[in-house]
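As structure tokens, the structure follows; a few thoughts come after it.
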Amino acid sequence: MDTVLSALTILVQPFNLMLLVVSVMAGIIVGAIPGLTPAIAIGILIPFTFAFDSSQAFILLLGIYVGSMYGGSVPAILMNLPGTPSAAVTTLDGYPMTQKGEAGKALGISILSGTIGGIISCVLLIFLAPPLARVALQFGGPEYFSLCIFAIVVVFVFSSPSLALGIIAACLGILLSTVGVDPITPFPRFTFGMSELAIGLPLVPATVGLFCVAEAFRMLERPNESISTETRFTGMMKTIAGLPKLIPTITRSSLVGVGVGILPGTGATVASYLAYNVQRLFSRHKEQFGKGSEEGVAASESANNASTGGTMIPLLSLGIPGDINTLLLIGAMFVHGLVPGPALFRDEAELVHVIFGTMVLANVLILILGFAFTGWVSKIAAVPKRYLATAIILISIAGPAMAYGHVYYFWLTVAFGIIGYVCQRANVPVLAVAMGMILGPILESNFRSALMLPGADFSMFFLRPLSGAFLCITIVVLGYAVWREIKTYREKRSRIIQSA
């Protein structure tokens, strides 16, 4: 109880409250600008959080994260252009509502369903993360090794349509994680005589390069692209009266969002698509989907925002990121000397409760700021990409170098930006590369330490209950991926035969 009160004391401090309000507002703006994703914003800001203590750093970053998940729906509804990838589903019914003169109503549904979905996910985060962390404290080397294998496989299976490319991406990430000093025997590996590489490839510049710089390079392919939007809309407040009929949709979709968010590497985009299709299955008005269905907007947006709490559950309790955004948040934890996982609840209980409180307050602020400033935010959504890309590249490259005080980090960010861009063009899943880099050291050290136990052999990874369960599920996921590849090949072959 003392820890909870201490966390509340931190949250209600005037500066921290102001920081949260500003970060949520900034997150809404970030999400509303097509091309500027929450991952880019989080990655850019991580080096600048050196000026804050750990609580303030996560108030800032989580405010951006939660706010941007709603912000992506603004251009999706008004312009048929999702501000974030996860808002793509919202365009299916949000934009048709705008065409019917119901833009304000669609935005109101987005705000209300997103807020409720986010709060439901926070409640589940608060109740599920601590018990899961207590279970994880019982993990040994075999369990952590099997969990890492499971997480990496899930990521490359669901983030890439090609099993081969997914495996290549994961192996590349694991290979990059081996650069530096051996974790068991202090011997340099793959340093090529360069003293800088002895420290390895630090996570922050690597992930900032992979996601932020690479995305900016991609923007420069069409630098003069600009967007026009109609911002006159009314009727947002009227949606409150129609909220009760959408509560079953919001509740069901929020649970789907949390459940999908817990799975490593899936995140909000998968959650939105799945919740939308589940709601269409249960709906009494299936014919309205894709033509301006209120249920469609509510389902996609509640699942979208609910995924934020879901992705934080494996991050806090197991040290496994749920999506790109939480992967970058792990980098922020490392920057502040924190180790994500079950030990965090024991050693940094106050910070954990600050994170819980921040998530709840940020979702409440979406309701307030959404109704107050959505009209204004929609006016700045049409930012030409040439300005965005230039700013992202400059800040992303300079940030890590200034934060760490060495030009090595500058060139490292540039190098990973090029790697990320090449991977994107080659359809190699960048998330799998990053996940391999993060989990590679954990996987290697636990694998080797487990085999050093007296009488240990490879069979123990299957014979220990939790370890064996993770590996069995991994085999099932791989089996699904192989079946998907065979099915895709047969469909392509069938189309070729029919067209011949």
Side-chain angles (χ1 to χ4, degrees), residues 76 80-82 84-96 149-173 214-215 218 221 252-253 256-257 259-283 285-291 293 295-296 299-300 303-304 307 322-324 420-436 471-500:
N80 198 30
L81 185 66
T84 58
S86 57
V89 187
T90 306
T91 62
L92 299 177
D93 288 290
Y95 187 64
I149 291 291
F150 166 71
I152 292 172
V153 168
V154 168
V155 167
F156 72 66
V157 165
F158 290 105
S159 65
S160 174
S162 168
L163 181 60
L165 288 176
I167 293 173
I168 290 170
C171 291
L172 175 61
E215 183 64 22
R218 194 183 65 79
E221 294 176 353
R252 184 185 301 113
S253 301
V256 171
V260 172
I262 291 174
L263 294 175
T266 49
T269 304
V270 176
S272 294
Y273 273 105
L274 183 59
Y276 183 84
N277 286 303
V278 168
Q279 182 54 35
R280 182 164 54 184
L281 182 66
F282 281 92
S283 176
H285 307 286
K286 296 179 176 62
E287 72 285 352
Q288 294 181 7
F289 279 71
K291 301 176 183 178
S293 169
E295 292 179 14
S300 62
N304 180 32
S307 69
D323 63 356
I324 293 174
Y421 176 73
V422 172
C423 287
Q424 287 180 355
R425 293 302 301 266
N427 292 322
V428 175
V430 180
L431 179 58
V433 177
M435 190 70 107
L471 290 178
C472 288
I473 297 172
T474 302
I475 292 171
V476 171
V477 173
L478 281 173
Y480 162 76
V482 172
W483 172 81
R484 186 183 64 185
E485 291 275 306
I486 295 172
K487 181 182 178 183
T488 303
Y489 170 76
R490 287 177 175 174
E491 289 175 350
K492 287 182 179 179
R493 185 179 177 183
S494 177
R495 285 196 295 268
I496 292 172
I497 293 173
Q498 290 176 358
S499 61

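The basis for the numbers below is simple: all heavy atoms, side chains too, and nothing from hydrogens, waters or symmetry mates.
Across all non-hydrogen atoms, the minimal contact from Ala432 to Gly166 is CB-O, 4.4 Å. Contact detail for Pro429 and Leu165: the closest heavy-atom pair is CD-O, 3.8 Å. Closest approach of Val256 to Ala271, counting heavy atoms only: CG1-O, 4.2 Å. What you find for Val430 and Cys423 is that their closest heavy atoms are CG2-CB, 3.9 Å. In terms of heavy atoms, Ala275 sits closest to Ser253 at CB-CB, 3.9 Å. Residue Ala170 comes nearest to Ile152 through the heavy atom pair CB-CG2, 3.6 Å, listed as atom of the first residue, atom of the second, then distance.
In this structure, CG in Leu478 is found 7.0 Å from CD1 in Ile167, a value given to the nearest 0.5 Å. Atom OG of Ser307 and atom CD1 of Ile262 lie 11.0 Å apart (nearest 0.5 Å). A distance of 6.0 Å separates CG in Leu163 from CZ in Phe156, rounded to the nearest 0.5 Å. If you take CZ on Arg280 and CD on Glu295, they are separated by 12.0 Å, rounding to the nearest 0.5 Å. Separating the SG atom in Cys472 from the CZ atom in Phe150 is a distance of 12.0 Å, to the nearest 0.5 Å.
For Ala214, the side-chain contact (heavy atoms from CB on, under 4.5 Å) criterion is met by Tyr421, Gln424, not counting sequence neighbours. Every residue two or more places apart in sequence or in another chain was checked for a salt bridge (charged side-chain N to carboxylate O under 4.0 Å, His left out) with Arg484, and none qualifies. Partners of Ile475 under the side-chain contact (heavy atoms from CB on, under 4.5 Å) rule, at least two apart in sequence or in another chain, are Phe462.
Between Thr90 and Asn304 there is no side-chain heavy-atom pair separated by less than 4.5 Å. Inter-residue side-chain proximity for Arg493 and Arg490 is flagged as unmet; no heavy-atom pair is nearer than 4.5 Å. The closest side-chain heavy-atom distance from Leu92 to Val89 is below 4.5 Å.
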Please lay out, stage by stage, how Gln279 and Phe289 fare under the test side-chain contact (heavy atoms from CB on, under 4.5 Å). CA-CA 10 Å; Gln279 182 54 35; Phe289 279 71; 3.9 Å; yes
